[in-house]
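Single-structure report; data block below.
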There are 2 protein chains.
Amino acid sequence: MRGIARLARELGVSTATVSRALNGNPNVNKATREKVLEAAQRLGYAANQAARSLAQGVTHSVGFMIELDHESTTSTDYFFMGVVEGMQAVLAAHGLDLLVLPCAKSQDNFTFLQRFVSRGAVDGMILAETRRIDRRIELMQSSGIPFVTLGRSDSGGGYSWIDLDFEGVMATAVDRLVGQGHRRIAVTVPSNDANYGTIFAQAYQDSLARHGLAFDEELVFPTRRREDDGGSLVDGLLDRPDPATAIILFYEVTAIGIYRRLAERGLTPGRDLSIIGFRGEESVRFLAPQVTCFHMSLPDLGTAAARALLAQMPLTAPAFSSGVLQRRVPLSLVPGESDGPPASGVR
Amino acid sequence: MRGIARLARELGVSTATVSRALNGNPNVNKATREKVLEAAQRLGYAANQAARSLAQGVTHSVGFMIELDHESTTSTDYFFMGVVEGMQAVLAAHGLDLLVLPCAKSQDNFTFLQRFVSRGAVDGMILAETRRIDRRIELMQSSGIPFVTLGRSDSGGGYSWIDLDFEGVMATAVDRLVGQGHRRIAVTVPSNDANYGTIFAQAYQDSLARHGLAFDEELVFPTRRREDDGGSLVDGLLDRPDPATAIILFYEVTAIGIYRRLAERGLTPGRDLSIIGFRGEESVRFLAPQVTCFHMSLPDLGTAAARALLAQMPLTAPAFSSGVLQRRVPLSLVPGESDGPPASGVR
DNA sequence: TCCTCAATTGTAAGCGCTTACAATCAAAGT
DNA sequence: ACTTTGATTGTAAGCGCTTACAATTGAGGA
């Protein structure tokens with residue numbers, strides 16, 4: 001005999017009483033409860049999770065599905081760890097376990113998610129790297145399991161998401177550059193199919209429009225998260241009749257290639273070409289002159305996601321707030337020396 | 001009625017037959033099996049995980065416990081993600097789910113682990129960031145659940161671990177430097193309590209001894225994973241009667257601070273001070289001259305860990321190989337220009 | 001003294017799935 | 001024609017826990 005039954009026999013009470021004592025049910029004599037808890041402690045007892053889930057119909061755990069993809073932002077340990085830290089803290093405070101579920105890039109992410117969801121392995125789900133069109137969202141909606149996405153998508157109806165405030169960042173960056181006198185502002189966008197690329201590009205267009213600046217498709221450069229892409233970029237920017245004087249980078253690492261090529265051409269970042277990075281990354285912290293970029297609290301992002309999820313979970317949702325929550329987490333500008341007024345005689 | 005019972009009724013067979021069909025039990029008529037599979041597919045059925053685990057006494061999932069610590073090695077660029085990639089692939093190929101379990105730094109990691117283990121939430125466990133003395137190992141051993149650690153420890157008896165080949169790296173680095181003519185070789189070691197610090201330091205001593213070089217405690221510098229620590233280091237190295245001419249870095253980022261300070265002193269890396277980094281990190285890839293360092297395949301590390309675990313799991317263990325597996329994953333030298341013969345007139 | 005009621009505990013029916021064992025049936029053997 | 005045998009399916013007993021409901025007990029009230 002094992003598990004709760006063993007405890008029950010040991011103490012001469014029924015399994016029901018043990019269960020109640022262990023679960024904080026008020027209908028247990030105080031003395032009995034203590035006896036049970038003591039014995040549980042002594043025997044190193046912990047309720048079997050499968051049995052518990054089966055009986056309760058609830059797992060007390062939420063999944064965080066991530067995709068293993070070198071190219072993606074969320075796949076850097078730093079980003080991931082930071083976000084998870086925030087999530088974990090909030091969830092743990094509500095008695096929920098966070099299970100990070102890594103999906104291989106080669107694997108179909110829809111099927112992957114479906115498995116966990118339809119098997120009832122989690123009570124809630126957080127999805128990362130949302131695509132512009134993402135079937136996972138409809139899947140989650142039809143499953144009825146609470147979920148939140150880290151990133152917006154065009155799929156599905158109203159659902160909860162947390163995203164970076166790309167619009168705010170872009171507006172701030174463009175405002176700053178325009179204020180410095182720039183008129184030809186280029187931008188890099190991610191070359192993958194994550195939705196943030198589209199959003200970033202759109203925000204760029206909108207910001208230009210707000211200043212009455214013309215949108216030139218040739219100033220939009222799809223780049224990968226590799227520093228090398230910075231080199232050719234510089235040539236593309238400058239070797240044209242109407243060169244750009246500033247650039248906003250989605251991936252900050254691109255700055256490394258840019259700096260290098262600028263140096264080769266005898267040019268100086270911040271003077272001959274103004275550069276603003278999106279999210280400050282560690283690899284770039286050491287560049288001189290320091291890249292002007294935006295910072296954010298990664299744990300806060302995780303916290304926000306976890307909270308949005310909790311708001312939908314029957315167990316924890318405060319009755320009043322259970323609903324769709326959509327929020328853009330702001331980033332704050334950290335001025336460096338990589339931007340400034342455009343050199344008059346460009347080139 | 002739901003679950004398997006629903007399917008059974010729908011098809012006019014017993015739940016036992018459905019279960020057998022779904023699980024690939026050979027004692028099912030081929031036609032029946034197809035009928036069942038078709039219906040399952042059509043109705044989007046997937047077995048409830050809790051029920052399955054309870055009945056089988058097995059979860060088909062393994063945990064990978066990590067600790068959330070921004071400061072540590074692991075929180076850099078792409079360590080965990082790479083490792084997880086390898087693990088996930090191997091485990092998935094054996095029908096096992098990988099659950100990454102993040103433990104907050106503030107949380108007691110022993111208790112954290114104990115919860116998952118004693119509740120029977122996983123069939124196997126992989127532990128990261130092993131300490132020199134690590135109670136988790138005894139915990140796992142007494143639990144009887146198969147486990148592997150990423151990193152060695154002095155705790156427990158014989159158990160499976162996978163670790164980096166610190167000894168090999170150190171030997172190669174020292175050999176190389178000595179070959180170039182260096183006699184005063186310094187080293188940085190991590191200032192935290194993870195076991196790899198001790199191992200690295202020991203390997204350093206051993207390698208020196210092999211060359212008959214004296215060990216000087218003053219040439220061992222505990223450093224954090226911050227580039228800043230490189231600066232003071234340079235002064236400590238050079239401003240002494242008997243300056244060091246080379247240094248081996250545990251954290252490669254330290255090179256950034258070193259380069260900076262060397263430049264301030266008008267000195268050149270590779271000429272005035274030879275530098276060899278341990279594991280090549282993204283943040284340092286861009287330094288010029290390029291840092292001589294070691295590279296490894298992160299996924300291979302994960303793969304090795306997963307395999308070592310599988311060898312202990314009754315379901316998957318090939319009868320012959322179920323046992324303790326201890327392996328040091330080698331790294332390969334990637335020569336840069338940060339090392340070379342010591343300048344004759346040092347300083 | 002008998003009854004009511006609240007506090008506490010026990011009984012037993014599941015939760016959804018697996019699996020040992022029994023049952024059925026048709027093909028094959030004698 | 002009758003038994004044997006293998007293939008296939010059904011029956012039912014759990015897996016360890018929760019929980020509705022019934023049972024017990026003692027205190028307080030009529």
Side-chain angles (χ1 to χ4, degrees), chain A residues 1-37 39-40 43-61 95 115-123 314-315, chain B residues 1-37 39-40 43-61 95 115-123 314-315:
Chain A
M1 196 177 310
R2 44 184 310 149
I4 218 177
R6 168 132 166 276
L7 267 191
R9 188 158 48 85
E10 188 100 1
L11 296 167
V13 298
S14 73
T15 61
T17 300
V18 174
S19 172
R20 279 188 285 250
L22 255 24
N23 290 307
N25 183 310
N27 298 330
V28 187
N29 184 290
K30 203 174 165 197
T32 311
R33 155 164 299 122
E34 278 162 10
K35 237 177 31 186
V36 173
L37 291 179
L43 277 64
Y45 169 82
N48 176 288
Q49 177 149 45
R52 208 146 191 271
S53 297
L54 183 56
Q56 291 187 135
V58 156
T59 65
H60 296 293
S61 64
R115 280 206 18 238
F116 285 96
V117 164
S118 63
R119 298 193 307 187
V122 293
D123 293 348
L315 291 162
Chain B
M1 194 179 307
R2 45 183 309 148
I4 219 177
R6 171 134 165 274
L7 268 191
R9 188 157 47 84
E10 189 99 1
L11 297 167
V13 298
S14 72
T15 61
T17 300
V18 174
S19 172
R20 280 187 286 249
L22 255 25
N23 291 307
N25 184 310
N27 298 329
V28 187
N29 183 290
K30 205 175 165 198
T32 312
R33 156 165 298 123
E34 277 162 11
K35 241 178 28 187
V36 172
L37 291 179
L43 277 66
Y45 169 83
N48 175 289
Q49 178 148 44
R52 206 146 192 272
S53 297
L54 183 56
Q56 293 187 134
V58 155
T59 66
H60 297 292
S61 63
R115 277 203 24 234
F116 284 96
V117 164
S118 64
R119 298 193 308 187
V122 294
D123 293 347
L315 292 161

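For clarity, every value in this text was computed on a predicted model and none was experimentally measured. Letters A, B, ... mirror the listed sequences (proteins, then strands); counts begin at 1.
- Nucleic acid contact for A/Ser53: none, since no nucleic acid atom lies under 4.0 Å from a heavy atom of the residue.
- Heavy atoms of B/Gly12 sit under 4.0 angstrom from primed sugar atoms or phosphate atoms, though from no base atom.
- Residue contacts shown for A/Ala47 are limited to sugar-phosphate atoms, with no base heavy atom under 4.0 Å away.
- Each of B/Arg20 and B/Ala50 was matched to the nucleotide of DNA chain C holding its nearest heavy atom; the match closer to the 5' end belongs to B/Ala50.
- How far CZ of A/Arg20 is from OG1 of A/Thr15: 8.5 Å, rounded to the nearest 0.5 Å.
- To the nearest 0.5 angstrom, A/Thr32 atom OG1 is 12.0 Å from A/Asn27 atom CG.
- A distance of 8.5 Å separates CD in B/Gln49 from CZ in A/Arg115, rounded to the nearest 0.5 Å.
- Using a 4.0 Å heavy-atom distance criterion, A/Asn25 is classed as making no nucleic acid contact.
- Side-chain contact between B/Arg119 and A/Arg52 is absent, with no heavy-atom pair separated by less than 4.5 Å.
- Within the 4.0 angstrom heavy-atom criterion, only backbone atoms of the sugar-phosphate kind lie near B/Val13; the bases stay farther away.
- Here B/Thr17 lies in heavy-atom contact (under 4.0 Å) with sugar-phosphate atoms only.
- Judged by closest nucleotide on DNA chain D, B/Ser14 is the one of A/Arg52 and B/Ser14 placed further toward the 5' end.
- The closest donor-acceptor contact from the side chain of A/Asn23 to the backbone of A/Asn25 lies at 3.5 Å or more, if one exists at all.
- Note on B/Gly57: nothing from the nucleic acid sits closer than 4.0 angstrom, heavy atoms only.
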Stepwise side-chain contact (heavy atoms from CB on, under 4.5 Å) check, B/Ser14 with B/Thr17: CA-CA 5 Å; B/Ser14 72; B/Thr17 300; 3.2 Å; yes
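- Heavy-atom distances to DNA chain D give each of B/Ala16 and B/Leu54 a nearest nucleotide, and the one nearer the 5′ end belongs to B/Ala16.
- Between A/Asn27 atom CG and D/dA23 atom P the separation is 18 Å, expressed in whole Å.
- Residues A/Ile4 and A/Tyr45 approach most closely at N-CE1, 3.6 Å, considering heavy atoms.
- Using a 4.0 Å cutoff to heavy atoms of chain B, the contacted part of DNA chain C runs 5' to 3' from C/dG16 to C/dA20.
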